[in-house]
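Heads up: the structure comes next, in structure tokens.
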Amino acid sequence: MQSTLSLSFSPSSSAAAVSRSPTTRFSLNTPTPLNLRFCGLRPQALAFTASGNRRSSQLPSRPRSQAVSAALSANGSPPKSFDYDLLIIGAGVGGHGAALHAVEKGLKTAIVEGDVVGGTCVNRGCVPSKALLAVAGRMRELQNDHHLKSLGLQVSAAGYDRQGVADHAINLASKIRNNLTNSMKALGVDILTGVGTILGPQKVQIGSSDKIVTAKDIIIATGSVPFVPKGIEVDGKTVITSDHALKLEFVPDWIAIVGSGYIGLEFSDVYTALGSEVTFVEALDQLMPGFDPEIGKLAQRVLINPRNIDYHTGVFASKITPARDGKPVTIELIDAKTKEPKDTLEVDAALIATGRAPFTQGLGLENIDVVTQRGFVPVDERMRVIDAKGKLVPNLYCIGDANGKMMLAHAASAQGISVVEQVTGRDHVLNHLSVPAACFTHPEISMVGLTEPQAREKGEKEGFEVSVAKTSFKANTKALAENEGEGLAKLIYRPDNGEILGVHIFGLHAADLIHEASNAIALGTRIQDIKLAVHAHPTLSEVLDELFKSAKVKAQASIPVSEPVPV
């Protein structure tokens with residue numbers, strides 16, 4: 001999780017750096033950062049963070065083998081036969097998706113996990129955070145007297161049991177983890193327990209034992225860990241990361257959240273619903289970096305201004321000291337540009353939401369001459385690993401947070417499926433611009449494709465016009481029936497040919513609505529064709545129906561209308 005999600009495309013011919021933050025997703029040559037965010041916009045760490053320091057290399061170390069000299073001495077020669085067709089290192093959502101697709105394709109598959117099945121998303125990210133946000137949403141509804149009265153409802157004072165809320169998140173993570181494990185076992189995927197270390201071509205050591213497994217193809221899917229900038233002391237109690245916050249061991253009266261991206265925004269929703277006051281500390285000049293600017297302004301008006309939230313922008317948290325000896329948490333702020341001292345905050349707790357860093361240490365990449373770039377494994381557009389000389393490493397792939405292309409759980413899964421398609425004989429390249437992202441606040445924010453500034457920059461470079469269409473939730477019958485008319489959908493497109501460049505939604509169930517646009521981009525569907533689609537009435541999906549219908553496209557529909565079918 002984090003507050004910036006970036007995306008870059010690496011040319012297959014070189015070990016181009018991969019980064020993530022939404023500024024130029026469309027560039028195929030320069031990996032310029034492109035801000036987005038979390039597991040469902042799980043985000044990543046940029047070269048500089050909200051502390052003003054470069055990313056620290058102090059990540060958890062991976063255990064290494066004691067006795068692998070024999071295997072290492074022959075690490076330059078691939079094995080003549082294999083234990084598995086496909087071996088996946090990491091059993092998170094990405095590894096799980098790849099494993100299931102591999103079995104469907106008839107591959108003998110094993111997955112290696114040194115921690116717990118489900119990875120960050122299930123155990124410390126998307127899943128438990130959604131449980132907390134579900135509670136936050138209900139609390140927010142029950143506490144909104146004006147909203148309830150407008151529906152004719154009367155509810156007495158609402159309260160919550162902190163441990164009960166925490167148990168809901170823990171139990172949900174456990175249930176999903178068991179489901180993932182059972183689904184793999186039922187399909188015949190071998191689950192190998194231990195840290196996977198690459199010893200050479202198509203060879204992996206499992207744990208600290210001498211067990212060595214061979215596979216025709218190997219996928220690295222080791223994910224990421226919370227990134228903590230230098231100068232910030234995390235004690236797990238009063239200065240915490242998202243991993244700690246999801247346990248909800250206490251609800252502070254006043255909490256500072258460092259980073260206002262997806263992770264920070266979602267936790268601000270949870271904490272304010274449970275009664276906390278929140279202070280954002282953001283290094284950039286505006287809150288919610290990476291969101292489309294127009295959507296970000298509306299979201300700030302609805303999600304921040306009316307709530308118990310204040311903020312400091314354009315500042316780094318240069319030092320954070322946990323509460324101890326009766327003293328509060330102290331946060332020293334410096335100007336992001338001049339680095340001059342700005343202010344000192346004293347709060348009850350601080351949540352570090354400055355992104356995530358890849359978990360790639362101890363993988364044995366040196367044994368195959370692969371050098372990480374800011375911790376990320378360099379890959380091409382087909383997720384094939386690139387070595388230090390810019391050459392492809394045969395039969396080795398890397399997906400998900402570890403490659404830095406797009407730090408979202410479902411992006412990792414899509415990349416894994418793409419790799420399986422390739423190793424089974426069908427070339428496939430994932431269009432990352434079709435991968436949606438969502439922030440599960442109340443109301444929700446979702447997006448796919450380019451922001452308006454990114455699209456206009458692309459248009460200027462490539463010589464095409466960019467147009468924008470918008471629709472309001474206030475004109476949607478279903479939203480009005482729910483008394484939830486606050487919202488906006490925005491379409492960015494090419495009026496000459498009807499290509500969808502980006503869609504951004506803020507409003508009720510935005511995370512569910514985005515997929516019609518995502519699928520249209522993935523399938524290459526043009527606006528003039530999707531205008532002919534039928535949407536049930538009255539539904540929220542009509543927000544997108546009206547959005548596409550309002551676009552002014554010069555080209556005519558390209559898909560022939562089907563012959564009438566008698567019913």
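One distance of note links CG of L408 with CG of D401; it measures 8.0 Å at 0.5 Å rounding. In this structure, CG on D387 lies 8.0 Å from CG on L392, to the nearest 0.5 angstrom. Within the model, atoms CG of L544 and CD1 of I514 stand 7.0 Å from one another, a figure rounded to the nearest 0.5 Å. Distance check, rounded to the nearest 0.5 Å: NE2 of H410 to CD1 of I417 gives 12.0 Å. Remark: S541 OG to L547 CG distance equals 12.0 Å, nearest 0.5 Å. To the nearest 0.5 Å, atoms SG (C126) and CD1 (I176) are separated by 11.0 Å.
Considering every non-hydrogen atom in both L430 and A411, the closest pair reads CD2-O, 4.3 Å. Between T222 and F359, the shortest heavy-atom contact is OG1-O, 2.8 Å. Residues E444 and A510 share a closest heavy-atom pair of OE1-N, 3.2 Å. L248 and V165 get closest at one heavy-atom pair: CD2-CG1, 3.6 Å. The two residues A245 and F267 have their closest heavy-atom pair at CB-CE2, 3.5 Å.
No donor-acceptor pair under 3.5 Å is formed between the side chain of S418 and the backbone N or O of A414. Within the 3.5 Å criterion, the main-chain N or O of S242 finds no donor-acceptor partner in the side chain of R124. Between the T354 side chain and the I352 main chain, no donor and acceptor come within less than 3.5 Å of each other. Between the side chain of T197 and the main chain of G364, no donor-acceptor pair closer than 3.5 Å is present. Between the side chain of H442 and the backbone N or O of L133, at least one donor-acceptor pair lies under 3.5 Å. Using modelled atom types, one side-chain atom of T181 and one backbone atom of R177 make a donor-acceptor pair closer than 3.5 Å. With hydrogens and angles ignored, the 3.5 Å screen pairs a side-chain donor or acceptor of E266 with a backbone N or O of F440. Using a distance-only test at 3.5 Å, with no hydrogens or angles considered, no donor-acceptor pair links the side chain of T372 to the main chain of R374. One N or O on the side chain of Q205 and one on the backbone of G207 form a donor-acceptor pair closer than 3.5 Å. Side-chain N or O atoms of H244 include one that pairs as donor or acceptor with a backbone N or O of T241 at under 3.5 Å.
Comment: K211 does not engage D83 in a salt bridge, judged by the lack of any side-chain N to carboxylate O separation of less than 4.0 angstrom. Between K391 and D369, no side-chain nitrogen of the basic residue sits less than 4.0 Å from a carboxylate oxygen of the acidic one, so the salt-bridge criterion is not met. The pair D380-R384 counts as a salt bridge, with a side-chain nitrogen and a carboxylate oxygen less than 4.0 angstrom apart.
Side chains of S518 and H515: a donor-acceptor N/O pair is absent below 3.5 angstrom, by distance only.
At most 12 heavy atoms of other shown residues, nucleotides or ligands fall within 6.0 angstrom of atom CZ in R138.
Tested against V385 for a side chain to side chain contact (heavy atoms under 4.5 Å, CB included), the candidates N395, V393, I198 yield a single pass: V393.
Listed by first then second residue, pairs satisfying salt bridge (Lys or Arg N to Asp or Glu O under 4.0 Å) with a partner in residues 179-194 number zero, not counting sequence neighbours. The salt bridge (Lys or Arg N to Asp or Glu O under 4.0 Å) pairs that include a residue from residues 406-426 are K105-E421, E421-R426, where partners are two or more places apart or lie in different chains.
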Side chain to side chain contact (heavy atoms under 4.5 Å, CB included) assessment of M184 paired with T109: CA-CA 10 Å; M184 289 192 291; T109 305; over 6 Å; no

Derivation and outcome, side-chain hydrogen bond (donor to acceptor under 3.5 Å, both in side chains), residues Q415 and N403: CA-CA 10 Å; Q415 290 172 2; N403 70 30; 3.1 Å; yes

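Residues F82 and L87 have side chains not in contact (no heavy-atom distance under 4.5 Å, counting atoms from C-beta outward). Put simply, the side chain of Q454 does not reach to within 4.5 Å of the side chain of L501, judged on heavy atoms.
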